[in-house]
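A quick write-up on the structure given underneath.
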Number of protein chains: 2
Amino acid sequence: MAKAKKGKEAALDLTTEEKIKNAALKVFTKKGFAAARTRDISEEAGINLALLNYYFRSKEKLFELVMTETLRGFIKGMLEILNDTETSIEEKVEIFVTRYSELLMQQPDLPLFIFHELKMNPEQLASKLGGEGLFKSYFIKQVKEAMDNGKLPRMHPLHFIMNMVGLTVFPFIGAPLLRHLSGVDAKTFNGLVEERKTLIPKWIKMMMKGK
Amino acid sequence: MAKAKKGKEAALDLTTEEKIKNAALKVFTKKGFAAARTRDISEEAGINLALLNYYFRSKEKLFELVMTETLRGFIKGMLEILNDTETSIEEKVEIFVTRYSELLMQQPDLPLFIFHELKMNPEQLASKLGGEGLFKSYFIKQVKEAMDNGKLPRMHPLHFIMNMVGLTVFPFIGAPLLRHLSGVDAKTFNGLVEERKTLIPKWIKMMMKGK
DNA sequence: TCAAAAATTAATCAAATGATTAAAAATATT
DNA sequence: AATATTTTTAATCATTTGATTAATTTTTGA
């Protein structure tokens with residue numbers, strides 16, 4: 001049986017399987033499923049092309065695996081924030097915005113990748129995803145309660161989610177166009193994203209004040 | 001020389017060239033450049049595959065053309081709104097949000113298509129795009145002036161654009177995920193987007209009230 | 001140490017796909 | 001009507017690319 005090298009030098013000494021998966025995520029994220037060639041992935045991983053199929057059977061299988069793991073991680077991280085019974089709505093927004101802003105500054109093309117592939121294959125990926133729990137999260141309870149108490153204007157909670165996620169994520173999705181139209185350089189753009197970590201929570205608070 | 005059929009039955013009696021371009025936009029939009037096959041396009045257009053190359057030389061050329069036209073139209077529409085000297089900031093936001101919400105309800109996968117392809121090929125497409133004028137638009141002048149007068153909190157105008165566009169467009173980009181996570185059906189989802197036509201302008205107004 | 005199992009490689013295959021070609025059909029020109 | 005030009009088609013080509021195979025190397029376990 002294939003034996004994983006023990007985690008001595010965790011970052012450097014990876015299993016072939018792990019090297020392939022890492023490379024796959026990188027290449028898929030950069031090029032999208034359709035444009036990514038298995039040869040790109042094997043090259044990025046520094047392994048022979050045949051090994052990819054040896055370990056994962058096919059490009060599709062590998063993609064599905066990587067994609068599912070990525071999405072699961074994404075949703076899990078979100079649920080961790082939203083299901084925290086110790087934090088208020090405002091705090092959850094703050095935590096979400098800062099955490100995901102920082103994540104996305106590391107991996108700026110993750111959102112576009114996820115949404116694009118999700119569009120290409122909605123049902124298949126959605127099926128093996130779970131995460132329907134998000135709308136049974138403690139956060140949603142808090143929002144509904146706040147609405148009952150007149151603290152928030154009554155509206156579909158999805159609006160709240162769309163606003164929070166949209167304001168945070170959209171700059172990364174629209175970056176090429178936004179930067180081209182506005183003429184700002186990468187450094188300035190990053191500065192703006194940085195600013196938004198504190199701005200978005202304030203904005204959301206304001207939006208949700210009035211009815 | 002190729003002769004365009006005169007525009008008698010404009011919608012039905014299209015030039016072969018036009019049929020191909022329409023089909024191309026449809027297929028590219030649905031599948032993305034990489035996954036779109038020239039055979040898909042020729043089939044969608046109801047013409048022989050060879051005609052595609054006869055008229056447009058290559059898949060790349062056809063794509064570039066269709067993409068450039070689409071983007072130009074998009075930007076042009078935006079500039080029309082933003083350069084109107086007769087409308088206030090608030091009115092511009094209203095007009096933008098309603099107009100583009102309606103457009104996107106007709107062509108929901110346009111944004112994801114545009115942003116994805118723009119990411120794949122930022123410089124090439126950006127180059128033949130123009131549209132840098134957006135940040136010299138009358139709208140930007142208005143925003144800066146409002147900031148000078150303390151009517152708006154001082155911040156980079158790009159924040160304003162990102163918020164307006166993001167709040168409007170993100171639901172369409174995130175639809176598959178958002179719908180899966182929230183469990184709302186397509187009808188409800190459309191209802192929410194409809195609501196947002198009036199909500200977003202209000203939200204923006206609120207966001208921009210505070211300092 | 002040695003044989004079995006697992007991992008890796010180079011070479012090759014087969015299907016998909018963008019593009020071309022040569023012939024046929026349709027249209028325009030005189 | 002006759003001919004030239006343009007448009008369209010079917011057939012084919014050449015390349016790309018995901019996948020397989022058979023041989024080789026490495027690792028494991030007795």
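Every heavy atom of this structure was used, including side-chain atoms; hydrogens, water molecules and symmetry mates were not. Letters A, B, ... are given to chains in the order of the sequence lines, protein chains preceding strands, and every chain is numbered from 1. It should be emphasised that the depicted structure is a prediction, and the values quoted were computed from it without experimental measurement.
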Length of the line joining [X]:[atom1] and [N]:[atom2], which is rounded to integer Å:
X       : N      : atom1 : atom2 : answer
B/Glu17 : D/dT7  : CD    : P     : 9 Å
B/Ile41 : C/dA16 : CD1   : C1'   : 15 Å
A/Leu52 : D/dT17 : CG    : P     : 15 Å
B/Asp40 : C/dA19 : CG    : P     : 14 Å
B/Tyr54 : C/dA24 : OH    : C1'   : 14 Å
B/Lys61 : C/dG18 : NZ    : P     : 15 Å
B/Asn48 : C/dG18 : CG    : P     : 14 Å
A/Phe56 : C/dT8  : CZ    : P     : 12 Å

With heavy atoms under 4.0 Å as the rule, sort B/Leu49 into base, sugar-phosphate or nothing.
->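 It contacts base atoms.
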
Remember a base hit wins even if backbone is also touched, and classify A/Ala36 as base, sugar-phosphate or nothing at under 4.0 Å, heavy atoms.
->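 Result for A/Ala36 = sugar-phosphate.
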
Distances under 3.5 Å only, N/O to N/O: pair up the protein atoms with those of nucleotides 22-25 of chain D.
none

Would a distance-only check, ignoring hydrogens and angles, find a side-chain to backbone donor-acceptor pair under 3.5 Å from A/Glu117 to A/Phe33?
->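 Checking the backbone N and O of A/Phe33 against the side chain of A/Glu117, a donor-acceptor pair under 3.5 Å is found.
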
B/Lys59 side chain to B/Ala36 main-chain N or O, any donor-acceptor pair under 3.5 Å?
->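 Yes, B/Lys59 side chain to B/Ala36 backbone: donor-acceptor pair under 3.5 Å.
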
B/Lys197/B/Glu102 salt bridge by N-O under 4.0 Å criterion |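 Looking at B/Glu102 and B/Lys197, the cut-off is met.
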
Nearest to the side chain of B/Arg37, which nucleotide is it out of C/dG18, D/dG18, D/dT9?
->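 Among the listed nucleotides, the one closest to the side chain of B/Arg37 is C/dG18.
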
Could you check which of D/dT7, C/dG18, D/dG18 has an atom nearest any side-chain atom of A/Lys59?
->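 So the side chain of A/Lys59 is nearest to D/dG18.
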
Side-chain N or O of [X] closer than 4.0 Å to phosphate OP1/OP2 of [N]:
X       : N      : answer
B/Thr16 : D/dT7  : no
B/Thr38 : C/dT17 : no
B/Tyr55 : D/dT8  : yes

Say whether A/Glu195 and B/His159, considering side chains only, have a donor N or O and an acceptor N or O under 3.5 Å apart.
->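 Looking only at side-chain atoms, B/His159 and A/Glu195 do form a donor-acceptor pair, the distance falling under 3.5 Å.
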
For A/Leu51 and for A/Arg39, locate the closest nucleotide of DNA chain C by heavy-atom distance; then report the residue assigned to the nucleotide nearer the 5' terminus.
->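 Counting from the 5' end, the first nearest nucleotide belongs to A/Leu51.
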
side-chain contact (heavy atoms from CB on, under 4.5 Å) between B/Val184 and A/His156, worked out = CA-CA 10 Å; B/Val184 307; A/His156 198 299; 3.7 Å; yes

Let me see the working for B/Leu181 and A/Ile161 under side-chain contact (heavy atoms from CB on, under 4.5 Å), right down to the final yes or no.
-> CA-CA 10 Å; B/Leu181 293 178; A/Ile161 303 279; over 6 Å; no

Stepwise side-chain contact (heavy atoms from CB on, under 4.5 Å) check, B/Leu167 with B/Leu199 = CA-CA 10 Å; B/Leu167 287 171; B/Leu199 285 173; over 6 Å; no

